[in-house]
There are 2 protein chains.
Amino acid sequence: MTTSSGDTVLDRVLRILSAFDARRRQLSVADLAHVTDIPLATAYRLVSKLSAEDILTRYPDGTIGLGMRLWELAARSSPAVSLRTAAMPFLDDVQAIFRQHTQLSVLDDNEVLVVERLSSRNSVVNQATVATRMPIHTVSMGLVQLAFQPPHVIDDYFLAHANAAKMTYPSSGSITTTLAQIRREGFSMLDGMLDDGTTGAAVPVFNTLRGKNRTAIAAISVVVPEDFEQRAAVIPVLMAASRGLARALHPVPETE
Amino acid sequence: MTTSSGDTVLDRVLRILSAFDARRRQLSVADLAHVTDIPLATAYRLVSKLSAEDILTRYPDGTIGLGMRLWELAARSSPAVSLRTAAMPFLDDVQAIFRQHTQLSVLDDNEVLVVERLSSRNSVVNQATVATRMPIHTVSMGLVQLAFQPPHVIDDYFLAHANAAKMTYPSSGSITTTLAQIRREGFSMLDGMLDDGTTGAAVPVFNTLRGKNRTAIAAISVVVPEDFEQRAAVIPVLMAASRGLARALHPVPETE
DNA sequence: CACTGGATTCTCAGGCAGTGAGAATTATTC
DNA sequence: GAATAATTCTCACTGCCTGAGAATCCAGTG
């Protein structure tokens with residue numbers, strides 16, 4: 001009875017939790033065992049242990065889903081949540097003005113992680129694209145944050161992502177040129193990167209309003225049609241929201 | 001070297017994660033070890049393992065906080081998140097009309113769990129009260145959901161909470177009378193339970209618009225001043241939001 | 001620059017938590 | 001009521017986890 005796979009309980013638990021996403025909200029234990037590559041008997045034991053803690057939930061039909069406790073743990077004090085809370089009013093404002101998809105994102109593990117997304121109120125599709133990841137160098141939200149990172153972070157990114165270094169952009173050329181331009185102008189606006197006919201515009205949110213070493217801690221962005229009539233207003237409005245958010249974040253380090 | 005305390009790795013990890021909340025966003029490893037009652041050396045090992053997975057984060061100053069991965073896991077497919085997403089527009093509406101604290105909550109483990117809270121836009125205090133728990137029988141959000149549960153759930157609650165059974169309410173008397181009244185009228189309105197001078201009003205959100213066995217799956221509520229001028233409109237507006245949400249939830253069981 | 005106190009990592013033997021195939025039991029279906 | 005699937009139980013076995021203590025790193029501080 002040798003454990004052929006050398007993974008710990010914790011690894012397995014994380015694999016189990018990772019098996020769920022927006023498309024697969026609930027799974028049978030058998031599927032779960034298969035996907036996570038855990039022996040069936042063991043899967044049952046783990047699932048029942050996690051269910052007891054409300055990290056997972058057993059639905060009446062026997063399938064498994066994430067439990068409330070997991071969300072509760074994350075929601076009570078995750079930095080993503082406090083950022084989201086602080087940003088909400090400003091995102092609301094941007095959304096109210098343009099009535100287009102408005103997003104808040106951060107960098108995590110060399111990827112862009114969407115923390116909040118407000119869809120057009122009327123739009124039918126509201127499937128939570130929150131908590132989605134995407135490569136930094138393919139979206140304006142990513143570039144705009146990468147540009148305002150300490151130099152060694154940027155270098156590390158190029159080392160880890162060789163293809164990013166070779167990337168070229170329609171209007172601005174190489175990625176280094178692009179980053180320099182972003183640092184000069186303070187924003188990024190890319191046409192047709194996500195989808196044809198759409199433009200992604202993003203500005204950084206800084207850790208401090210003014211100072212020597214400003215670093216981007218987040219990005220606010222909107223996705224608009226390429227021929228958007230209010231195009232000229234997009235960047236100024238995003239800038240205002242960004243500054244408002246930075247100000248809201250700054251004076252409240254700890255409430256105790 | 002006997003493990004005196006008979007708790008598993010998983011227990012300990014949960015204790016660690018539970019140690020963080022809105023007031024204590026970051027802790028030193030020493031504090032963490034003390035709070036969770038885990039030997040220092042072990043605490044360090046667990047923390048570094050969890051940090052590697054981005055479940056925890058090490059800040060530059062050496063303190064520990066929750067990591068992005070934890071939030072990501074929960075946010076991608078937790079039922080709380082999808083409920084929140086669906087409810088957001090309706091909560092927005094309620095908030096826009098009354099400009100008072102508007103809340104969405106569910107029952108979990110015989111407690112009320114606040115899933116989302118919109119504060120008055122102007123209010124300074126926006127400290128995330130999301131993911132807060134409170135006893136069912138002390139708030140209108142709780143009563144209104146308890147009233148519309150299968151009988152055995154209600155019985156179980158009384159068994160587990162003897163003091164709840166003895167509870168009396170200013171206007172309606174005993175808790176059973178109160179629940180019956182709620183079932184008749186379809187809402188709950190309590191004066192001065194949370195704070196003097198405030199009124200909590202709540203309506204249930206049903207799993208199905210019409211049917212034999214309707215069960216409450218959530219509650220929408222507002223907290224208003226006792227002498228609120230729009231008091232008469234509160235319940236109708238909440239009802240409309242509740243029905244809207246129920247309709248939004250119903251036709252989308254699985255998008256695949 | 002040595003000194004000091006704290007934070008952090010490493011070491012290592014030993015025990016028990018976790019393992020997982022298979023049997024046993026319980027739902028479910030036809 | 002047989003057949004099938006879902007779920008739990010059994011039970012040796014083993015290697016992950018343990019945790020005190022030593023060793024190392026890291027600011028300050030005088």
Side-chain angles (χ1 to χ4, degrees), chain A residues 1-20 24-67 69-70 150 152 213 254, chain B residues 1-20 24-67 69-70 150 152 253-254:
Chain A
M1 259 167 242
T2 51
T3 44
S4 54
S5 50
D7 46 13
T8 95
V9 210
L10 218 143
D11 289 334
R12 290 180 161 182
V13 168
L14 290 181
R15 278 223 299 288
I16 289 177
L17 298 183
S18 303
F20 299 93
R24 307 190 173 268
R25 287 232 163 69
Q26 42 201 81
L27 295 169
S28 73
V29 180
D31 288 345
L32 195 57
H34 180 255
V35 171
T36 56
D37 192 30
I38 296 174
L40 195 59
T42 307
Y44 270 109
R45 185 157 23 84
L46 286 178
V47 164
S48 92
K49 202 175 289 186
L50 290 171
S51 303
E53 300 285 359
D54 200 12
I55 300 294
L56 294 179
T57 305
R58 308 194 71 117
Y59 291 102
D61 65 350
T63 59
I64 310 295
L66 295 188
R69 179 90 184 282
L70 181 66
H152 67 92
N213 42 9
E254 201 93 57
Chain B
M1 262 165 239
T2 50
T3 45
S4 52
S5 49
D7 47 12
T8 97
V9 210
L10 219 144
D11 289 333
R12 290 180 160 183
V13 169
L14 290 181
R15 278 222 300 288
I16 289 177
L17 298 183
S18 302
F20 299 93
R24 305 189 175 269
R25 286 232 163 70
Q26 41 201 82
L27 295 169
S28 74
V29 181
D31 287 345
L32 195 57
H34 180 255
V35 170
T36 55
D37 194 30
I38 296 174
L40 195 58
T42 307
Y44 270 109
R45 184 157 22 82
L46 287 178
V47 164
S48 92
K49 202 177 289 186
L50 290 170
S51 304
E53 300 285 358
D54 200 12
I55 300 295
L56 294 179
T57 306
R58 310 193 69 116
Y59 291 103
D61 64 351
T63 58
I64 310 296
L66 295 188
R69 179 90 184 281
L70 181 66
H152 66 92
E254 202 91 59

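Remark: C1' of D:dA20 and CD1 of B:Ile38 are 16 Å apart, rounded to the nearest angstrom. Between A:Leu46 atom CG and C:dA17 atom C1' the separation is 12 Å, expressed in whole Å. Atom CG of B:Leu10 and atom P of C:dA17 are 14 Å apart (whole Å). Rounded to an integer number of Å, the gap from A:Asp31 CG to D:dA5 C1' is 13 Å. In this structure, B:Lys49 places its NZ atom 14 Å from C1' of C:dT9, rounding to the nearest Å. The CZ-P distance, from B:Arg45 to D:dG21, rounds to 16 Å in whole Å. The CG-C1' distance, from B:Asp61 to D:dG28, rounds to 17 Å in whole Å. Taking atom CG on A:Asp11 and atom P on D:dG15, their separation rounds to 16 Å, with Å as the unit.
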Requested in this report: Could you walk me through whether B:Leu50 and B:Leu70 pass side-chain contact (heavy atoms from CB on, under 4.5 Å), step by step?
Outcome: CA-CA 10 Å; B:Leu50 290 170; B:Leu70 181 66; over 6 Å; no

Report task. Show your reasoning for whether side-chain contact (heavy atoms from CB on, under 4.5 Å) applies to B:Leu46 and B:Val9. Result -> CA-CA 9 Å; B:Leu46 287 178; B:Val9 210; 4.1 Å; yes

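Distances were taken from every side-chain heavy atom of B:Arg58 (C-beta onward) to each of D:dT18, C:dT9, D:dT8; the shortest belongs to C:dT9. When distances run from any side-chain atom of B:Val29 to the nucleotides C:dC10, D:dT18, C:dT8, the shortest one goes to C:dT8. With D:dT7, D:dT18, D:dC9 as the choices, the nucleotide that has an atom nearest any side-chain atom of A:Tyr44 turns out to be D:dT7.
Note that CG of A:Asp37 is 8.0 Å distant from CZ of A:Arg12, once rounded to the nearest 0.5 Å. Taking CZ of A:Arg45 as the reference point, atom NZ of A:Lys49 lies at 6.5 Å (rounded to 0.5 Å). If you take NE2 on A:His34 and CG on A:Leu27, they are separated by 12.0 Å, rounding to the nearest 0.5 Å.
Taking 4.0 angstrom as the limit, A:Arg12 places none of its side-chain polar atoms (N or O) nearer than this to OP1 or OP2 of D:dC16. Regarding contacts with the backbone of C:dG20, a side-chain N or O of A:Thr42 is found under 4.0 angstrom from either OP1 or OP2. An OP1 or OP2 oxygen of D:dC17 is reached within less than 4.0 angstrom by a side-chain nitrogen or oxygen of A:Thr8.
At a threshold of 4.5 Å between non-hydrogen side-chain atoms, the residues A:Ile16 and A:Ile64 do not count as touching. Within the 4.5 Å cutoff, no side-chain heavy atoms of A:Thr57 are placed close to those of A:Leu66. Under the 4.5 Å side-chain criterion, counting only non-hydrogen atoms from C-beta, A:Val35 is not in contact with A:Arg24.
Where B:Pro39 and A:Thr63 meet DNA chain D, the nucleotide closest to each residue was compared, and A:Thr63 sits on the side nearer the 5' end. Nearest-nucleotide positions on DNA chain D for A:Ser28 and B:Leu40 put A:Ser28 closer to the 5' end.
End-to-end axis angle for the helix from C:dC1-D:dG30 to C:dC30-D:dG1, using five pairs per end and rounding to 10°, comes out at 50°.
The backbone N or O of A:Tyr59 sits nowhere less than 3.5 Å from a side-chain atom of A:Thr63 that would complete a donor-acceptor pair.
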Identify all pairs in which a protein N or O lies below 3.5 Å from an N or O of nucleotides 23-25 of chain C, and state each distance.
none

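Residues passing the side-chain hydrogen bond (donor to acceptor under 3.5 Å, both in side chains) test with A:Asp31, sequence neighbours excluded: A:Ser28.
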